[in-house]
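The next block holds one structure in the form of structure tokens; read it before the comments.
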Number of protein chains: 2
Amino acid sequence: MSSELSAPFEPESVRVARVVREQIVDGSREPGSRLVERDLAAELGVSRIPVRDALRTLVAEGLVTPRPRTWAVVREFSDADVDHLHEVREATDPLHFRLAATRRSPEQLEALTEAWQREDAAARAGDGPTARRAGADFHERVVEAAGNPVLLELHLVIASRVRWLLGQHLDLQAIADEHRELLDAVRDGDGEAAARLAGAHLGTSRAAAQERRA
Amino acid sequence: MSSELSAPFEPESVRVARVVREQIVDGSREPGSRLVERDLAAELGVSRIPVRDALRTLVAEGLVTPRPRTWAVVREFSDADVDHLHEVREATDPLHFRLAATRRSPEQLEALTEAWQREDAAARAGDGPTARRAGADFHERVVEAAGNPVLLELHLVIASRVRWLLGQHLDLQAIADEHRELLDAVRDGDGEAAARLAGAHLGTSRAAAQERRA
DNA sequence: AGCGGGGCGATGGTATGCCATATTCGCCTC
DNA sequence: GAGGCGAATATGGCATACCATCGCCCCGCT
């Protein structure tokens with residue numbers, strides 16, 4: 001029926017979810033705007049079924065707020081939402097980095113380094129979207145390196161929101177620099193340092209959020 | 001988390017999800033057994049669409065393992081899965097209890113007490129399923145009392161697995177007793193004690209899992 | 001002008017049916 | 001007898017269609 005470029009097989013619903021997710025985290029879909037199944041289906045050239053599936057996925061990721069019997073809307077993040085996200089990450093991020101430092105395989109360390117290099121290059125070049133994506137990749141690979149699938153699963157629930165949060169940051173280079181320190185700690189296998197730096201990293205994020213409100 | 005005030009409207013898909021979830025956590029559906037959309041639809045007297053939606057939900061909860069293009073199966077938990085779950089809970093549970101102790105409203109404390117009383121009564125009566133359900137309610141209400149919706153959201157991802165884990169416990173009365181201590185700490189607003197007890201509680205769970213393997 | 005009721009359109013929920021692919025099993029060949 | 005090939009079947013992905021409900025708007029009555 002279409003391309004089929006030797007990919008293992010990707011359901012349309014997965015593609016639809018990815019497209020809409022990108023639009024939301026990049027801000028090209030206004031928070032609060034309606035997501036109407038029929039409209040999305042027409043836009044993307046599919047029927048409502050894969051769109052329904054995709055919207056369920058995005059609701060699970062917290063990017064879409066469902067309104068039973070009426071319509072779904074792009075999630076709006078309040079200051080309180082940002083605080084809650086930080087509070088959760090204060091418990092999970094240090095764990096991610098502590099475990100990653102002690103368990104990472106050489107291959108995982110390499111993948112981590114690669115993500116950081118992409119992030120750093122993009123930050124220097126002033127390419128915000130690429131830097132944010134690479135920064136999110138960095139986080140995700142840390143969680144992979146932590147070697148706990150449940151932890152990864154939980155991270156994926158909030159990963160899109162973390163990425164959105166990254167998008168609110170103005171000083172991308174500062175983020176990349178802190179990631180560099182974290183990378184070094186993970187490389188050295190120093191779990192305690194990694195956990196401490198993760199906490200400090202969150203402090204930076206919190207401060208930035210605070211500042212934005214003023 | 002259910003309000004269910006006069007049941008304004010419940011989609012079939014939600015009902016299907018609940019039914020199948022109960023069967024899985026109670027063990028009446030064998031881990032590894034196939035979940036065929038058409039069969040479930042026929043069993044429950046609906047079409048495949050609500051079954052599809054329900055299976056997506058259960059996949060998101062980690063109770064069902066999807067096999068694209070073939071079939072979905074009831075998740076099988078390995079010893080490693082149990083370890084991973086404990087590792088995650090060691091980061092989150094103390095946070096749940098610490099926050100609950102400092103933020104709970106009087107109403108939330110009451111709901112918590114009620115859940116514990118149900119658990120304790122069922123444990124004394126030797127009613128395993130009821131005790132497990134009440135124990136899971138206890139945990140969930142603690143997370144509600146923690147006043148962080150993101151935390152609740154993450155908890156719900158693993159809540160069904162936590163409940164399954166509870167089902168593996170033999171000494172339900174011991175669990176209820178530890179919950180009682182936690183309840184007291186939350187009542188007293190002693191966040192540190194609550195967090196410490198939560199860690200100890202997990203130690204009990206880990207020890208029980210260890211013992212089962214022997 | 002304000003208010004209440006009825007109807008119509010918008011929209012999500014569900015059913016049915018077709019299609020593509022993976023799996024299975026038997027038969028044929030060596 | 002073993003291995004592989006092919007057809008039949010099992011099964012999930014998707015499209016189309018119908019229905020129920022919720023809002024909104026307009027009209028008529030007061």
Side-chain angles (χ1 to χ4, degrees), chain A residues 1-21 23-24 29-75, chain B residues 2-21 23-24 29-76:
Chain A
M1 112 191 186
S2 62
S3 40
E4 219 52 54
L5 36 141
S6 82
F9 171 72
E10 183 188 69
E12 292 284 3
S13 58
V14 174
R15 183 178 67 86
V16 171
R18 194 178 49 237
V19 169
V20 177
R21 175 168 38 235
Q23 294 174 340
I24 292 176
R29 272 190 196 275
E30 195 72 17
S33 64
R34 291 165 53 172
L35 294 164
V36 177
E37 293 184 359
R38 282 175 175 79
D39 295 351
L40 285 172
E43 257 177 60
L44 298 169
V46 296
S47 82
R48 284 174 55 207
I49 301 291
V51 172
R52 279 176 68 80
D53 288 351
L55 287 182
R56 300 240 164 202
T57 299
L58 296 175
V59 166
E61 287 178 18
L63 289 180
V64 168
T65 304
R67 301 269 202 82
R69 281 299 193 186
T70 55
W71 57 69
V73 299
V74 175
R75 172 154 183 178
Chain B
S2 50
S3 326
E4 211 60 51
L5 311 169
S6 79
F9 170 75
E10 183 188 67
E12 291 284 3
S13 57
V14 174
R15 182 178 68 88
V16 171
R18 193 178 50 237
V19 169
V20 177
R21 177 169 36 235
Q23 294 175 341
I24 292 176
R29 274 191 193 274
E30 197 70 17
S33 63
R34 291 164 54 170
L35 293 165
V36 178
E37 293 184 359
R38 283 174 175 79
D39 295 351
L40 285 173
E43 255 177 63
L44 298 169
V46 296
S47 83
R48 285 173 55 208
I49 300 291
V51 173
R52 278 176 68 81
D53 287 351
L55 287 181
R56 302 243 164 206
T57 300
L58 296 174
V59 166
E61 288 178 16
L63 289 180
V64 168
T65 304
R67 298 268 206 82
R69 282 300 196 185
T70 56
W71 58 70
V73 299
V74 175
R75 172 151 183 179
E76 301 177 274

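We use all heavy atoms of the structure for the numbers below, so side chains are in, but hydrogens, waters and symmetry mates are not. Sequence lines set the chain letters: A, B, ... in the order given, protein chains first and strands last, and positions in each chain run from 1.
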*Determine the contact category for B/Leu55: base if any of its heavy atoms lies under 4.0 Å from a base atom, sugar-phosphate if only primed atoms, P, OP1 or OP2 are that close, otherwise nothing.*
nothing
_Side-chain-base donor-acceptor pair under 3.5 Å for B/Arg52 and D/dG12_ = no
*No-H, no-angle donor-acceptor pair, B/Arg48 side chain to D/dG13 base, under 3.5 Å*: yes
*Expressed in angstrom and rounded to an integer, what is the separation of A/Asp53 atom CG from D/dA15 atom P?*
11 Å
*Interatomic distance, B/Glu12 CD vs C/dG13 C1' [rounded to whole Å]*: 10 Å
*Less than 4.0 Å between a side-chain N and a carboxylate O, is that true for A/Arg29 and A/Glu43?*
yes
*Between atom CD in B/Glu37 and atom C1' in C/dT16, what is the gap in whole Å?*
14 Å
_Can you measure A/Leu40 atom CG to C/dA10 atom C1' for me and round it to whole angstrom units?_
15 Å
*Output yes when at least one side-chain N/O atom of A/Ser47 is less than 4.0 Å from OP1 or OP2 of D/dA15, else no.*
yes
*CG of A/Asp39 versus P of C/dG12: gap in Å, rounded?*
8 Å
*Whole-Å distance separating the CD1 atom of B/Ile49 from the P atom of D/dC14*: 11 Å
*Of the nucleotides C/dT14, C/dT24, C/dA15, which has the atom closest to the B/Trp71 side chain?*
C/dT24
*Ignoring hydrogens and geometry, is there a side-chain-to-backbone donor-acceptor pair from B/Arg75 to B/Gly62 under 3.5 Å?*
yes
*Roughly how many Å is it from CZ in B/Arg38 to C1' in D/dT9, rounded to a whole number?*
12 Å
